[in-house]
Amino acid sequence: MERPELPLPQLHAFVVLAEELHFGRAAVRLGIAQPPLSQQIRRLEDKVGHALFTRAPGRVTLTPAGRELLPAARRALTDLADGLATARAVGSGRAGRLRIGFAASLALTVLPGLLRTFRQRFPAVRLDIHEMTTAPQIAALHDKTIDIGLLREPPTDATGLGFRTVLSEPFVAVLPSTHPLATHRTVQLAQLADSPFVLLPRTVGPTLHDQISGLCAAAGFTPRIAQHAVEWQTVCALVETGLGVSLAPASIRRIRLKGVAFRRIEPDTARTRVAVAWRESDHNPLVTHLLATISQDPRTAHLALAGRREVHRTEAIASGSGRPRFWPCRWVCRRTGRDRSTGG
């Protein structure tokens, strides 16, 4: 198929004249004199190979060829205008697509508020949200299949990536509610030495896995792993069945399971870090906007603060029940309600 070579000024002049059907009025709309308008129309007719207008004293009408060309010319001009507007919006970071990987546990803390605020600021940006553990997020950043990662315990040997801490939180013991230590407010780590463990496999979060193993080693034992699970919700569900105990970030307490008890641990010195990750070579303005949303916008300062308040609350004991009290969780309510607009 031969590629048409039709200059945009000629197409624009043709559409305006087709709408006015008067050379004088069309020239006024275009902001040019009448002779240049006539020349543009004549050049366009030469390209088409047929007359587009019939000219008579005091009267201009479209020929069959002109009527056929008019809708295509309008579409071409409209598509070009839309394309230019979209390109400018994407170039400035006001539109486009941002691909975000996130650790599932962050849906319990910073993710809902972050996405909600970003969408309010940039409503034309499409967010593609992918639930991924840490190691797959690092690989996806290198493979350029995601633009931003929200992950737990970033690796220390990742090259070409930038990291910024969003939240730091302590660990808690995750116990079956029937476990003897579930009646205690605080658990000494050494008391878990004889219990089987349910942990995330090292392949999905090596730094976090090593951190938990290091906590156990400091308490004088190596955890006896009875079962692996990729997501914290699954870890808690397996603990509920009695398969073992676990150590988890404190925000995991917001997973509500009747048969699971979350208890503070001693010593309580270790912290697990939540970070945002991105390619240092990526100049996508949307990445810059999201990083600014996390760290610079005073309206989003509550994101990290809310997470810290949640993970550092002491576990109040409900009167007479011996069970920890759970605070309302806006994210849990949204997940079970009708508002899923943040895509988490």
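For this chain, numbers begin at 1 and follow the sequence in order.
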When you compare the side chain of C216 with that of L247, does any pair of heavy atoms fall below 4.5 Å?
yes

Q191 side-chain N/O to Q188 backbone N/O, donor-acceptor pair under 3.5 Å
yes

To the nearest 0.5 Å, what is the distance between CZ (R202) and CG (D210)?
4.0 Å

Could you tell me which non-hydrogen atom of P176 sits nearest to which non-hydrogen atom of V245, and how far apart they are?
CD-CG1, 4.0 Å

Taking D194's backbone N and O only, do any of them form a donor-acceptor pair with R224's side chain (distance below 3.5 Å, no angle check)?
yes

Is E153 reaching over with its side chain to a backbone N or O of P206, donor-acceptor style, under 3.5 angstrom?
no

Got a donor-acceptor contact below 3.5 angstrom from the E45 side chain to the L52 backbone?
yes

Minimum heavy-atom distance between G149 and L141, given as atom pair plus value:
N-CD2, 4.3 Å

What pair of heavy atoms forms the shortest contact from L200 to H209, and how long is it?
O-CD2, 3.0 Å

For the side chain of R25 and the backbone of E20, is there at least one donor-acceptor N/O pair under 3.5 Å apart?
yes

Under 3.5 Å donor-acceptor, T186 side chain and R264 backbone
no

Option passing side-chain hydrogen bond (donor to acceptor under 3.5 Å, both in side chains) with R29 (candidates H12, E19, H22)
E19

Closest non-hydrogen atoms of P154 and A275, given as atom of the first, atom of the second and distance, are CG-CB, 3.8 Å

pair I212-P223: side-chain heavy atoms closer than 4.5 Å
no

Determine whether T222 and S213 make a side-chain contact, defined as any pair of heavy atoms from C-beta on separated by less than 4.5 Å.
no

Taking the side chain as every heavy atom from C-beta outward, state whether V235 and V174 have any pair of such atoms under 4.5 Å apart.
no

When you compare the side chain of L106 with that of V166, does any pair of heavy atoms fall below 4.5 Å?
no

Just by modelled atom types, is the A182 backbone N or O under 3.5 Å from a matching donor or acceptor in the R263 side chain?
yes

Could you go through T203 and H228, starting from their C-alpha distance and side-chain angles, then the distance that decides it, and tell me whether this counts as side-chain contact (heavy atoms from CB on, under 4.5 Å)?
CA-CA 11 Å; T203 53; H228 283 119; over 6 Å; no

With a 4.5 Å cut-off on side-chain heavy atoms, are L208 and T134 touching?
no

Looking at every heavy atom in both L111 and F102, which two are closest together, and how far apart are they?
CD2-CD1, 3.5 Å

Kindly indicate, with the supporting measurements, whether the criterion side-chain contact (heavy atoms from CB on, under 4.5 Å) is fulfilled by S251 and W232.
CA-CA 10 Å; S251 58; W232 284 114; over 6 Å; no

I32 and Q39, any side-chain heavy atoms less than 4.5 Å apart
no

Give the intermediate values and the outcome of side-chain contact (heavy atoms from CB on, under 4.5 Å) for residues L98 and F122.
CA-CA 11 Å; L98 186 63; F122 304 99; over 6 Å; no

May I ask you to decide whether E169 forms a salt bridge with R254, counting only side-chain N to carboxylate O separations under 4.0 Å?
no

Run the side-chain contact (heavy atoms from CB on, under 4.5 Å) check on H130 and I146 step by step: do they pass?
CA-CA 8 Å; H130 305 274; I146 63 172; 4.2 Å; yes

Check: T234 side chain, V230 main-chain N or O, donor-acceptor pair, under 3.5 Å:
no

Would you mind reporting whether L175 and L192 have side-chain heavy atoms less than 4.5 Å apart?
yes

In terms of ring plane angle, is the pair F221 and F197 parallel, tilted or perpendicular, where the classes change at 30° and 60°?
tilted

Please find the pair of heavy atoms, one from V260 and one from C236, that lie closest to each other, and give the distance.
CG2-O, 3.4 Å

Main chain of G259, side chain of E240: is a donor-acceptor contact present, judged purely on distance under 3.5 Å?
yes

